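Each residue takes its place number in the sequence, starting with 1. For the numbers below, each heavy atom of this structure counts, side chains included, while hydrogens, waters and symmetry mates do not. Every number for a ligand or one of its atoms is a count from 1 in the order of the listing. Since the model is a prediction, treat every value here as computed from it, not as a measurement.
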Amino acid sequence: MKTTENVGAVYLVGAGPGDPGLITAKGMARLNRCDTVVYDSLSSDQLLELAPEKAERIYVGKRAGQHSMKQEEINRLLVELGTAGRTVVRLKGGDPFVFGRGGEEVLALEAAGIPYEVVPGVTSAVAVPAHAGIPVTHRAMSRSFHVMTGHTLSEDGTLPPDFPAFARLSGTLVFLMGLGNLHPIVSGLLEAGKPAETPAAVIENGTLPEERFVKGTLGDIEDRVAEAGIGTPAIIVVGETVSLDFRATVRRPLDGVRVSVTGTPAFTEKLLASLTALGAEAERVCGLGVKSHLDSPGMTAAYQSLERYTWLVFTSANAVRLFFEGLLAAGRDHRSLGRMKLAAVGKGTARELKTFGFLADYVPERYQVEDLAAGLAKLAGPEDWLLIPRSSGGSPILNETLDRAKIRYDDVVLYDVEGTWREKERLEETLKASHYLTFASASGVEAFFDGLTEGERKALDQVRVVCIGDVTAKALNARGRRADVVAETFSIPGMTAAILKDVAGN
Ligand code: SAH
């Protein structure tokens, strides 16, 4: 039976014009906490990454001409998801209500009694011209701006009856979805009396790295668009302010540098933010998913005999999180760890421990398994017994060092790391276009190389490969590729600094 408790909510979130940084803080907060994202072709991949890893992602793409899902079907889908108790973010390019058919979705939700909220977005109508240096109004030049769809113009090939009135407005005219109708739009404006010298621009993929635009006048804009081969999505801007050029003049150290990153969602999200803040175009090509083995015989035995161990050793934040998840599931609680000493490979791992109410007794100076192993070999003695719950691809250096020091330990597989590709069919092309490729763990190297084809492997020759530390670089070496850059500190700032230094030196 349907009760109010299991009805979900649908958030219509404006995704902004393309640049993922142009989503609002509120939109981002809704994305962070949803369990389903319904998106279309104007939504950036990077925004999808902001949804929880487990969230379901449903593509309902609509591209001009080929409607892959009808609006009615999308409405029905949103109602179904809401009725099923899901917390849905319906991501819509720009602002949901600016030619976004957001209103139709709201009406459908209202009719079905599904709670909803509209989170406004930065509309392309304003932001795309702005990014190309064109303000939609400017004192003494343009006292209004008017946004019109160019799409409905030509369903029967004619201009709407109020078009001449629109054309006579003296402010800036902005056409969305108008590229296919550029000819009737331009001739309509000229016929309505706009001078052929009126400045005009067409901007493709505004605010994105692929942005291209041409400027001209009503008299020649059609030729210029054809010459440059401007494609969709595009915005047409007509008016005096087109002659202004307020494009950003700030230059950042990683402008024009393209970086492909690999790693877990939590890690890559931070690395991408750090790199893009410096001007880089960065994208995640291979993610790492974690598959836990909380109730494997090894982990079950470990949980039942915690009292025998004197040290609990963590080599990743994931290990901490999963270990505690499994602890409770195994019917034990924090008291069973009371006497144990705790070691963490680095700051992030120690921080994760803290969230469970534990302070690490030992964190090596350099956040590397090698240093952790050396430190433990000094701190522990023959009376000690270490429990090391970690990933199956963990570094053997830890075992070798402890063996040499004759320290007892149990190295138990807590989880596996699996590679998840983003747009694998584009990988070769992406690698070829990249200046850098980053690896943040040995298991990340393994997952990446396991999935490579011959062509993709070759494409790697042209990229500079960046590793977070020596252990990762060794794993790369074992795959027959040398690291070009190795970070000095095992962290996101360390990796960013290493890339900055390399760019400056090349
Ligand atoms: N709701 C959206 C507009 C949806 S209609 C908004 O507020 O921005 C889709 C049209 O928006 C496209 O046909 C194109 O004209 C325009 N558009 C959206 N993003 C764009 C971009 N990055 N570059 C150029 N035009 C864009």
Side-chain angles (χ1 to χ4, degrees), residues 11-24 26-27 38-48 60-71 74 78 89-106 118-136 145-155 166 172-186 200-215 221 224-225 228-239 242 247-248 281:
Y11 298 93
L12 270 75
V13 173
D19 174 349
L22 291 174
I23 189 172
T24 64
K26 194 169 187 174
V38 177
Y39 68 103
D40 44 47
S41 39
L42 283 181
S43 325
S44 130
D45 289 347
Q46 281 181 47
L47 284 181
L48 293 180
V60 292
K62 286 190 291 179
R63 294 190 176 90
Q66 56 174 80
H67 292 244
S68 48
M69 204 189 251
K70 291 214 173 68
Q71 187 60 47
I74 297 175
L78 295 177
V89 163
R90 166 69 172 118
L91 252 192
K92 300 178 77 74
D95 179 89
F97 286 159
V98 177
F99 304 124
R101 307 190 70 169
E104 290 162 67
E105 293 173 10
V106 166
V118 179
V119 179
V122 174
T123 179
S124 63
V126 174
V128 166
H131 190 262
I134 304 169
V136 287
F145 68 98
H146 313 273
V147 183
M148 194 181 200
T149 165
H151 186 62
T152 47
L153 286 180
S154 80
E155 254 159 34
F166 183 79
T172 311
L173 304 182
V174 179
F175 295 88
L176 267 56
M177 301 179 279
L179 187 65
N181 291 317
L182 185 61
H183 180 68
I185 290 170
V186 168
V202 178
I203 309 153
E204 171 192 345
N205 276 319
T207 76
L208 290 164
E210 306 84 53
E211 173 184 279
R212 298 195 307 144
F213 66 87
V214 290
K215 281 185 174 183
I221 194 71
R224 291 185 183 235
V225 164
I230 297 286
T232 55
I235 276 185
I236 305 166
V237 194
V238 178
V242 170
R247 273 176 295 170
E281 292 164 29

Mind listing the closest non-hydrogen atom pair of I221 and A200 along with its distance?
CD1-O, 3.5 Å

Is a side-chain N or O of R90 found less than 3.5 angstrom from the main chain of E105, in a donor-acceptor match?
no

Looking at ligand 1, does any of its N/O atoms fall within less than 3.5 Å of an N/O of P17?
yes

Any atoms of ligand 1 less than 4.0 Å from a non-hydrogen atom of L176? List them with their elements.
3 (C), 11 (O), 15 (O), 16 (C)

Mark the output for G18 as yes if a heavy-atom distance to ligand 1 is under 4.0 Å, and as no if none is.
no

Judged on heavy-atom distance to atom 8 (O) of ligand 1, which of G102, S124, G14, G150 sits nearest?
S124

Compare all side-chain heavy atoms of I235 with those of L176 and state whether any distance is below 4.5 angstrom.
yes

Polar contact flag for A234 and ligand 1 (N/O pairs, less than 3.5 Å)
yes

Is I203 in polar range of ligand 1, meaning some N or O pair under 3.5 Å apart?
no

Using a 4.0 Å heavy-atom cut-off, which part of N205 comes near ligand 1: side chain, backbone, both, or neither?
backbone

Using modelled atom types only, decide if a donor and an acceptor are shared between the side chain of R224 and the backbone of K215 within a distance under 3.5 Å.
yes

Which of the atoms in ligand 1, numbered in the order shown and given with their element, are less than 4.0 Å from a heavy-atom of T123?
6 (C), 7 (O), 8 (O)

Hey, does G93 come in under 3.5 Å of ligand 1, counting only N/O atoms on both sides?
yes

So, is V98 polar-close to ligand 1, with some N/O to N/O distance under 3.5 Å?
yes

Backbone or side chain, does any N or O of E204 fall under 3.5 Å from an N or O of ligand 1?
no

When rounded to the nearest 0.5 Å, the distance separating CD1 of I230 from OG1 of T232 is 11.0 Å

Side chain proximity check, F145 to V126, heavy atoms < 4.5 angstrom
yes

Return yes or no for this condition: an N or O of G178 is under 3.5 Å from an N or O of ligand 1.
no

Check I74 against M69 and note the closest heavy-atom contact, atom names and distance.
CG1-SD, 3.7 Å

Determine whether a donor-acceptor pair (N or O, by modelled atom type, separation under 3.5 Å) exists between the side chain of T172 and the backbone of V136.
yes

With a 4.0 Å cut-off on heavy atoms, is V128 in contact with ligand 1?
yes

The side-chain contact (heavy atoms from CB on, under 4.5 Å) partner of V38 among V89, V60, L91 is V60

